[in-house]
Amino acid sequence: MDASTLAQILEAADGVTGGESRYEVADDHRATFYLGRPGQAMEAREVLAIELGEGFVAITRRDEEGTLYAPGESVAALSVRRAKTEEGRRTGF
């Protein structure tokens, strides 16, 4: 995915703030990047921050130390959703 398309997606995504080259995911949202080709993509879950560089993306995850760096063209898709809360869950199945 090219950087301008990824930037447009991040700017339009609910729960993502920032601009230009750095974006952050709100505490009440969860973001997952899919890196690679469709059907063979690696997931980078629980994304906290995204930085767009010249030809690459830097992904910082909530529970991991360090940053994952990947070529920008390896980004196949991005999912952003509101986090599940305990009060929204029901008992049972």
Side-chain angles (χ1 to χ4, degrees):
M1 180 179 305
D2 66 46
S4 64
T5 301
L6 183 53
Q8 288 177 357
I9 291 170
L10 290 167
E11 289 172 15
D14 183 42
V16 178
T17 58
E20 295 200 21
S21 65
R22 180 156 174 83
Y23 299 86
E24 293 188 8
V25 180
D27 288 338
D28 63 344
H29 283 73
R30 297 293 176 261
T32 301
F33 272 78
Y34 298 90
L35 306 170
R37 295 183 309 211
Q40 296 180 337
M42 176 184 100
E43 292 183 356
R45 296 179 182 206
E46 298 291 326
V47 174
L48 175 64
I50 305 102
E51 189 160 343
L52 304 179
E54 190 67 36
F56 72 92
V57 60
I59 300 168
T60 304
R61 294 182 284 174
R62 292 180 192 278
D63 56 354
E64 300 288 326
E65 291 185 21
T67 301
L68 171 68
Y69 295 89
E73 66 268 6
S74 70
V75 177
L78 167 65
S79 169
V80 180
R81 60 181 168 75
R82 185 172 292 279
K84 293 180 182 178
T85 61
E86 290 299 320
E87 62 190 40
R89 296 183 181 198
R90 297 183 312 189
T91 58
F93 299 165

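Throughout, numbering of the chain's residues begins at 1 and tracks the sequence. Values in this document were obtained by computation on a predicted structure and should not be read as measured data.
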Can you confirm whether V80 sits close enough to I9 that some side-chain heavy atom of one is under 4.5 Å from a side-chain heavy atom of the other?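 Of all side-chain heavy-atom pairs linking I9 with V80, none is under 4.5 Å.
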Would you list the atom pairs, donor with acceptor, under 3.5 Å between side chains in residues 65-72 and any protein atom, with sequence neighbours excluded?
unit_1, atom_1, unit_2, atom_2, d
T67, OG1, T60, OG1, 3.3

Test side chain to side chain donor-acceptor pair (under 3.5 Å) applied to T5 - qualifying residues, sequence neighbours left out: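 Side chain to side chain donor-acceptor pair (under 3.5 Å) list for T5, sorted by chain: D2.
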For E73, all residues meeting side chain to side chain donor-acceptor pair (under 3.5 Å), sequence neighbours excluded: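 Counting only residues at least two positions away or on another chain, E73 forms no side chain to side chain donor-acceptor pair (under 3.5 Å).
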In terms of heavy-atom contacts, A3 and L52 come closest through O-CD1, 4.1 Å
With sequence neighbours left out, which residue pairs that include part of residues 48-57 fulfil the salt bridge (Lys or Arg N to Asp or Glu O under 4.0 Å) condition?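 Every pair satisfying salt bridge (Lys or Arg N to Asp or Glu O under 4.0 Å) with a residue in residues 48-57: R22-E51.
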How long is the gap from CG on L6 to OH on Y23, to the nearest 0.5 Å? 7.5 Å
Please report the interatomic distance OG(S21) to CD1(I50), rounded to the nearest 0.5 Å. 11.5 Å
Atom CZ of R62 with >12 non-hydrogen neighbours under 6.0 angstrom: yes
Between side-chain atoms of residues 29-41 and protein atoms elsewhere (two or more places apart, or another chain), which donor-acceptor pairs fall under 3.5 Å?
unit_1, atom_1, unit_2, atom_2, d
H29, NE2, D14, OD2, 3.2
R30, NE, E46, OE1, 3.1
R30, NH1, D27, O, 2.8
R37, NE, Q40, OE1, 3.4
R37, NH2, Q40, OE1, 2.3

Do I59 and M42 share a hydrophobic cluster (ILVMFWY, side-chain heavy atoms under 4.5 Å, transitive)?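 Yes, same cluster.
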Who passes salt bridge (Lys or Arg N to Asp or Glu O under 4.0 Å) against D28, sequence neighbours left out?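 Counting only residues at least two positions away or on another chain, D28 forms a salt bridge (Lys or Arg N to Asp or Glu O under 4.0 Å) with R82.
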